[in-house]
Amino acid sequence: MTLTTELKDIFTKNLRTSGIYIAFVLIVVLFSILTNGLLLSPTNITNIVLQYSYVLILALGMIIVIVAGHIDLSVGSLVALTGAVSAVLIIKHDMPWWVGMLAGIAVGAICGLWQGFWVAYVGIPAFIVTLAGMLLFRGLTYEVLNNVSLSPFPGEYGQIAGGFLNGLLGGYGFDTFTLVIGVIAVAGLVYSQWRNRQGRMKYGQSVESMAMFLGKNAITAIIILWFFWQIATSRGMPIVLIILAVLILGYNVLTTRTVFGRHVYAIGGNLSAAKLSGVNVKKINLWIFINMGLLSGVAGVVFSSRSNGAQPGAGNMFELDAIAACFIGGASTTGGVGRVTGAIVGGLVMAVLSNGMQLMGVGASTQQIVKGIVLLLAVAFDIYNKRRAGAGS
């Protein structure tokens with residue numbers, strides 16, 4: 001296959017996979033022009049990481065839920081509840097900051113276990129269970145906080161979402177440590193891609209040409225190094241970015257290289273076939289919701305750290321942002337299709353849209369309209385690709 005043919009396939013046959021990346025680049029370029037370059041300034045890039053990290057964390061769990069053919073409407077309320085638990089323990093009861101953090105995450109996992117039980121073992125659809133959970137957890141948040149906000153957190157807790165690692169290796173006008181992390185990230189990505197390519201060739205599977213392989217990795221490396229240069233010249237490495245990177249790497253491995261991940265895709269792709277193949281559907285579904293609750297707890301800790309307090313109304317609409325990130329990132333409404341990387345890019349699309357419109361002074365109502373249209377177009381694009389694939393076969 002020639003390089004020209006491969007480039008053509010990106011915009012035709014492989015558009016379902018590559019479309020989100022192309023759209024993301026176009027959106028970044030558009031808002032960079034409309035904001036006179038302010039969108040891509042070092043300070044603003046750092047702010048995007050800090051402001052939207054919790055949505056990306058939720059998207060990591062939501063993509064697994066959606067791939068399995070479910071939905072979770074409760075994560076916004078659960079973010080509020082876990083943040084409230086942390087605040088009560090730390091602020092009202094003078095517990096160490098790490099105790100409050102672990103307690104919040106544990107509460108999230110327990111709530112996920114509660115919902116997973118009703119979905120997996122009682123057989124109630126996830127839509128109904130999590131709708132009930134949305135109301136239940138919101139009510140518990142009001143009870144835990146006694147209908148009032150709690151703040152501020154101690155400085156150590158605030159460092160979770162607002163702290164930076166700067167100056168560890170020195171640097172003049174930039175943070176050397178951040179750049180070193182960027183170089184390591186590029187080296188790890190290229191090595192991983194090379195191993196995947198060699199593995200496919202070993203088993204006689206088709207691979208892209210060497211020119212395409214080198215070109216894609218070169219472009220990706222440039223973008224990653226540019227990103228790390230930008231934050232290195234701002235405030236250094238955000239702690240929350242390290243947390244997010246570890247989660248992304250971990251969940252990418254979980255969904256692509258483990259038995260659990262294969263079973264999730266099997267359940268979402270064909271439930272009857274999964275059962276006949278010996279997949280323990282009830283157990284997998286239970287763990288899917290425990291995992292979603294766990295990540296909701298992490299997001300709750302990050303968000304409460306970022307806002308330096310806990311409010312009864314925290315987390316409102318977060319579930320819709322996480323769901324939108326997954327569908328924009330290529331997840332299928334019928335399950336069985338979706339990737340961690342796609343969900344993250346979908347979340348970044350939402351983040352850039354929101355941030356770009358805020359920089360332009362666009363009102364909140366207009367922002368919601370634009371997000372709604374983008375989500376609708378993403379799902380319509382998925383349906384169109386399915387119909388085209390069906391007609392082709």
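In this chain, residues are counted from 1 in sequence order.
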**Request:** Mind running side-chain contact (heavy atoms from CB on, under 4.5 Å) on F164 and Q159 for me, showing each step along the way?
**Result:** CA-CA 8 Å; F164 296 85; Q159 291 292 305; over 6 Å; no
Counting C-beta onward and ignoring hydrogens, is there a side-chain heavy-atom pair between [X] and [Y] closer than 4.5 Å?
X	Y	value
V67	V337	no
P312	N147	no
W98	E156	no
F117	I124	no
V119	F127	no
V55	M350	no

Who passes side-chain contact (heavy atoms from CB on, under 4.5 Å) against [X], sequence neighbours left out?
X	value
T256	N252
A299	Y54, I57, L58, V79
W226	L40, I45, Q230

Can a side-chain donor-acceptor contact be found between [Y] and [X] if the only test is distance below 3.5 angstrom?
X	Y	answer
N217	R197	no
T43	S41	no
N355	N44	yes

**Message:** For E143, I'd like to know if atom CD has over 12 heavy atoms of other residues, nucleotides or ligands within 6.0 Å.
**Reply:**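 Incorrect, the count does not exceed 12.
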Same apolar cluster (I L V M F W Y, side chains within < 4.5 Å links), [X]/[Y]:
X	Y	result
I248	V253	no
F289	I110	no
Y142	F318	no
L244	L249	no
I267	V259	no

Judged by atom type as modelled, is there a donor-acceptor pair below 3.5 Å linking the side chain of [X] to the main-chain atoms of [Y]?
X	Y	answer
Q367	V362	yes
S77	M134	yes
E319	G76	yes
T46	P42	yes

Give every residue pair that meets the side-chain hydrogen bond (donor to acceptor under 3.5 Å, both in side chains) criterion with at least one member in [range], sequence neighbours excluded.
range	result
residues 112-135	S74-Q115
residues 269-293	H70-N285, Y251-N291
residues 299-309	Y157-S304

Nearest heavy atoms of [X] and [Y], plus distance in Å:
X	Y	answer
L50	S53	O-OG, 3.6 Å
F24	V352	CE1-CG2, 3.8 Å
C326	I63	SG-N, 3.4 Å
G356	T35	O-CG2, 4.0 Å
T141	A84	CG2-CB, 4.1 Å
I323	D72	CD1-O, 3.9 Å

**Prompt:** side-chain contact (heavy atoms from CB on, under 4.5 Å) between N47 and R235: does it pass, once the steps are laid out?
**Reply:** CA-CA 10 Å; N47 287 337; R235 286 171 280 180; 2.9 Å; yes
Quick one: name the residues clustered hydrophobically with [X], using the 4.5 Å side-chain heavy-atom rule over I, L, V, M, F, W, Y, and just say none if it's on its own.
X	value
I219	I223
V29	V25, I33
L320	M317
L377	I369, I373

Within this structure, what is the [atom1]-[atom2] distance for the pair [X] and [Y], rounded to the nearest 0.5 Å?
X	Y	atom1	atom2	answer
L78	L136	CG	CG	10.0 Å
N166	I231	CG	CD1	10.5 Å
F228	L179	CZ	CG	9.5 Å

**Request:** Among residues two or more places apart or on two chains, list those pairs meeting ring pair (Phe, Tyr, Trp, His ring centres under 6.0 Å) that have a residue in residues 356-378.
**Result:**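 The answer is none; no pair qualifies.
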**Request:** Hey, could you give me each pair passing ring pair (Phe, Tyr, Trp, His ring centres under 6.0 Å) that has a residue in residues 321-341? Not counting sequence neighbours.
**Result:**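 Output for this query is empty, none listed.
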**Item:** Stepwise side-chain contact (heavy atoms from CB on, under 4.5 Å) check, I160 with V240
**Value:** CA-CA 6 Å; I160 296 173; V240 72; 5.9 Å; no
**Request:** Go through the steps to decide whether S296 and T82 satisfy the test side-chain contact (heavy atoms from CB on, under 4.5 Å), and finish with yes or no.
**Result:** CA-CA 8 Å; S296 297; T82 54; 5.7 Å; no
**Message:** For L254, run the side-chain contact (heavy atoms from CB on, under 4.5 Å) check against V264, I64, L60 and tell me which one passes.
**Reply:**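 So the option named by the test is I64.
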